[in-house]
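Down below is the structure, laid out as structure tokens.
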Protein chains: 2
Amino acid sequence: MKDFIIVMKALSDPNRVKIIKMLQHKSMCVCEIKAALKLPQPSVSKHLKILEKAGLVSSQKDGLWVNYHLSNGRSTPYTATILENLKHWLNDDSEIARLIEKIPFLNRKELCS
Amino acid sequence: MKDFIIVMKALSDPNRVKIIKMLQHKSMCVCEIKAALKLPQPSVSKHLKILEKAGLVSSQKDGLWVNYHLSNGRSTPYTATILENLKHWLNDDSEIARLIEKIPFLNRKELCS
DNA sequence: GCACTATATTCCTTAAAAAGAATATATAAG
DNA sequence: CTTATATATTCTTTTTAAGGAATATAGTGC
């Protein structure tokens with residue numbers, strides 16, 4: 001039960017859901033997410049930590065950067081199903097659609113400096 | 001997005017999840033749920049309202065009683081999938097299992113008086 | 001009408017989550 | 001070792017959600 005609640009709470013925030021939707025298209029570092037969502041960097045880090053604890057995303061260090069990507073969902077039965085369904089859920093949301101469109105133009109070299 | 005968040009928030013509380021798991025086995029009135037979960041009546045009513053707003057449960061008046069049951073899930077794409085998966089999710093949770101076992105012994109006539 | 005019962009709502013208090021500012025850590029480059 | 005940059009953490013404040021007590025509503029039966 002506890003794990004289930006942690007997953008549901010992680011998904012109860014629009015910015016965190018947006019992060020998941022973006023990661024479906026591309027692994028991203030914190031500063032890319034920060035730029036896409038126009039949020040302060042500490043706020044992004046905190047959201048990512050919550051998603052990571054819920055088993056929804058994973059991270060990988062790359063020098064000074066930390067790349068975040070969707071997890072394989074194996075941590076709980078819920079994460080796998082939810083991540084799978086989130087592939088088609090919310091694609092018709094206009095705000096999500098706009099975010100996704102902008103992803104190809106995010107340039108880490110420009111953003112992080 | 002807003003609807004999705006409402007559903008996720010509704011599922012972010014253990015008592016509300018327990019209510020859903022019980023309703024999978026039996027339509028229940030407020031006082032039956034109250035007895036099963038050992039919660040104050042106003043608290044149960046409030047949880048039910050949140051579940052109803054999320055499109056997860058529906059209610060039907062029966063004289064002085066109000067029977068709650070799982071909704072058909074047609075209100076959003078999320079509710080249908082979540083309700084379907086919740087049929088097998090959490091069945092191995094000991095607290096849930098104990099609740100389900102007790103359902104047949106809930107007697108409305110005894111409880112509500 | 002009145003009394004009784006099941007449920008809902010309101011109001012207030014408490015707890016939990018989110019936002020913001022500041023600071024800390026870690027790695028890279030000189 | 002120093003500087004610079006990306007990210008994480010801490011601490012405080014604000015917002016949001018949950019709990020509890022009291023009251024309101026809506027049926028039922030007399």
Side-chain angles (χ1 to χ4, degrees), chain A residues 1-2 4-19 22-23 27-54 56-69 106-113, chain B residues 1-2 4-19 22-23 27-54 56-69 106-113:
Chain A
M1 171 67 92
K2 212 175 173 190
F4 179 79
I5 299 296
I6 289 174
V7 174
M8 292 301 115
K9 284 195 176 169
L11 293 167
S12 293
D13 179 278
N15 283 317
R16 290 197 288 267
V17 176
K18 288 177 195 171
I19 291 174
M22 292 195 294
L23 293 183
S27 281
M28 298 170 81
C29 69
V30 175
C31 72
E32 288 175 307
I33 296 171
K34 167 193 149 189
L37 298 182
K38 289 164 185 154
L39 287 178
Q41 175 268 316
S43 181
V44 173
S45 282
K46 278 183 273 184
H47 282 311
L48 285 166
K49 192 176 180 182
I50 291 170
L51 288 169
E52 203 164 18
K53 274 199 172 179
L56 293 163
V57 314
S58 305
S59 62
Q60 206 165 6
K61 277 211 161 185
D62 172 19
L64 208 45
W65 288 274
V66 180
N67 285 311
Y68 284 86
H69 53 90
L106 289 176
N107 187 330
R108 183 184 301 189
K109 271 111 210 154
E110 282 180 33
L111 293 172
C112 306
S113 54
Chain B
M1 171 67 91
K2 212 175 171 191
F4 180 78
I5 299 297
I6 288 174
V7 174
M8 292 301 116
K9 285 194 177 170
L11 293 166
S12 293
D13 179 278
N15 282 317
R16 290 197 288 267
V17 175
K18 287 178 195 169
I19 291 175
M22 291 195 295
L23 293 182
S27 282
M28 297 171 81
C29 69
V30 176
C31 72
E32 288 176 307
I33 296 170
K34 166 192 148 187
L37 297 182
K38 288 165 187 156
L39 288 178
Q41 175 268 316
S43 181
V44 173
S45 284
K46 278 183 272 184
H47 282 311
L48 285 166
K49 192 177 180 182
I50 291 170
L51 288 170
E52 204 164 17
K53 276 200 170 178
L56 293 164
V57 315
S58 305
S59 62
Q60 205 166 7
K61 278 211 162 186
D62 173 20
L64 209 44
W65 288 273
V66 180
N67 284 312
Y68 283 85
H69 52 90
L106 288 175
N107 188 331
R108 183 184 301 187
K109 270 113 209 150
E110 283 181 35
L111 293 173
C112 306
S113 54

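Lettering follows sequence order; numbering is per chain, from 1. As a basis for the values below, the full set of heavy atoms in this structure was taken, side chains included, without hydrogen atoms, waters or symmetry mates. Note that the structure is a prediction, hence the values are computed from the model and not measured.
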Next item on the list: From the options A:L39, A:L37, A:N15, select the one residue that forms a side chain to side chain contact (heavy atoms under 4.5 Å, CB included) with A:V44.
Entry: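 Option passing the side chain to side chain contact (heavy atoms under 4.5 Å, CB included) with A:V44: A:L39.
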Spacing of [X] atom [atom1] relative to [N] atom [atom2], expressed in whole Å:
X     : N      : atom1 : atom2 : value
A:N67 : D:dA8  : CG    : P     : 11 Å
A:L37 : C:dA18 : CG    : C1'   : 15 Å
A:K61 : D:dT7  : NZ    : P     : 10 Å
B:K34 : C:dA8  : NZ    : P     : 13 Å
A:L51 : C:dA18 : CG    : C1'   : 14 Å
A:H47 : D:dA8  : NE2   : P     : 13 Å
A:L11 : C:dA17 : CG    : C1'   : 16 Å
B:E32 : C:dT7  : CD    : P     : 8 Å

Notebook entry, point to check: Is any side-chain heavy atom of B:S45 closer than 4.5 Å to a side-chain heavy atom of B:K49?
Noted result: no
Next item on the list: Have a look at B:K46 and say if it touches a base, only the backbone sugar-phosphate, or nothing, with a 4.0 Å heavy-atom cut-off.
Entry: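 Result for B:K46 = base.
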Out of [options], whichever nucleotide has its closest atom nearest the side chain of [X]:
X     : options                : result
A:R16 : C:dA18, D:dT16, D:dA18 : C:dA18
A:V66 : C:dT27, D:dA17, D:dA8  : D:dA8
A:V30 : D:dA8, C:dA6, C:dA16   : D:dA8

Note to self: Between B:P42 and B:I50, which residue's closest nucleotide on DNA chain D lies nearer the 5′ terminus?
What the structure shows: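 Result: B:I50.
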Check: What is the distance from atom CH2 of A:W65 to atom CD of A:E32, rounded to the nearest 0.5 Å?
Finding: 10.0 Å
Check: Is any N or O donor-acceptor pair between the side chain of B:Q41 and the base of C:dA6 shorter than 3.5 Å?
Finding: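 Under the 3.5 Å cut-off, the side chain and the base do not form any donor-acceptor pair.
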Item checked: Criterion side chain to side chain contact (heavy atoms under 4.5 Å, CB included) on B:L11 and B:L56, from CA distance to verdict -> CA-CA 9 Å; B:L11 293 166; B:L56 293 164; 3.9 Å; yes
Notebook entry, point to check: Does a nitrogen or oxygen in the side chain of B:K49 sit under 4.0 Å from OP1 or OP2 of C:dA8?
Noted result: no
Check: According to a strict under-4.0 Å criterion, is B:Y68 in side-chain N/O contact with OP1 or OP2 of C:dA6?
Finding: no
Note to self: Here's a test of your reading of the structure: between A:S43 and A:L64, which maps to the more 5' nucleotide of DNA chain C?
What the structure shows: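 So the residue in question is A:S43.
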Checklist line | Stepwise side chain to side chain contact (heavy atoms under 4.5 Å, CB included) test for B:L23 and B:H69 | finding: CA-CA 6 Å; B:L23 293 182; B:H69 52 90; 5.6 Å; no
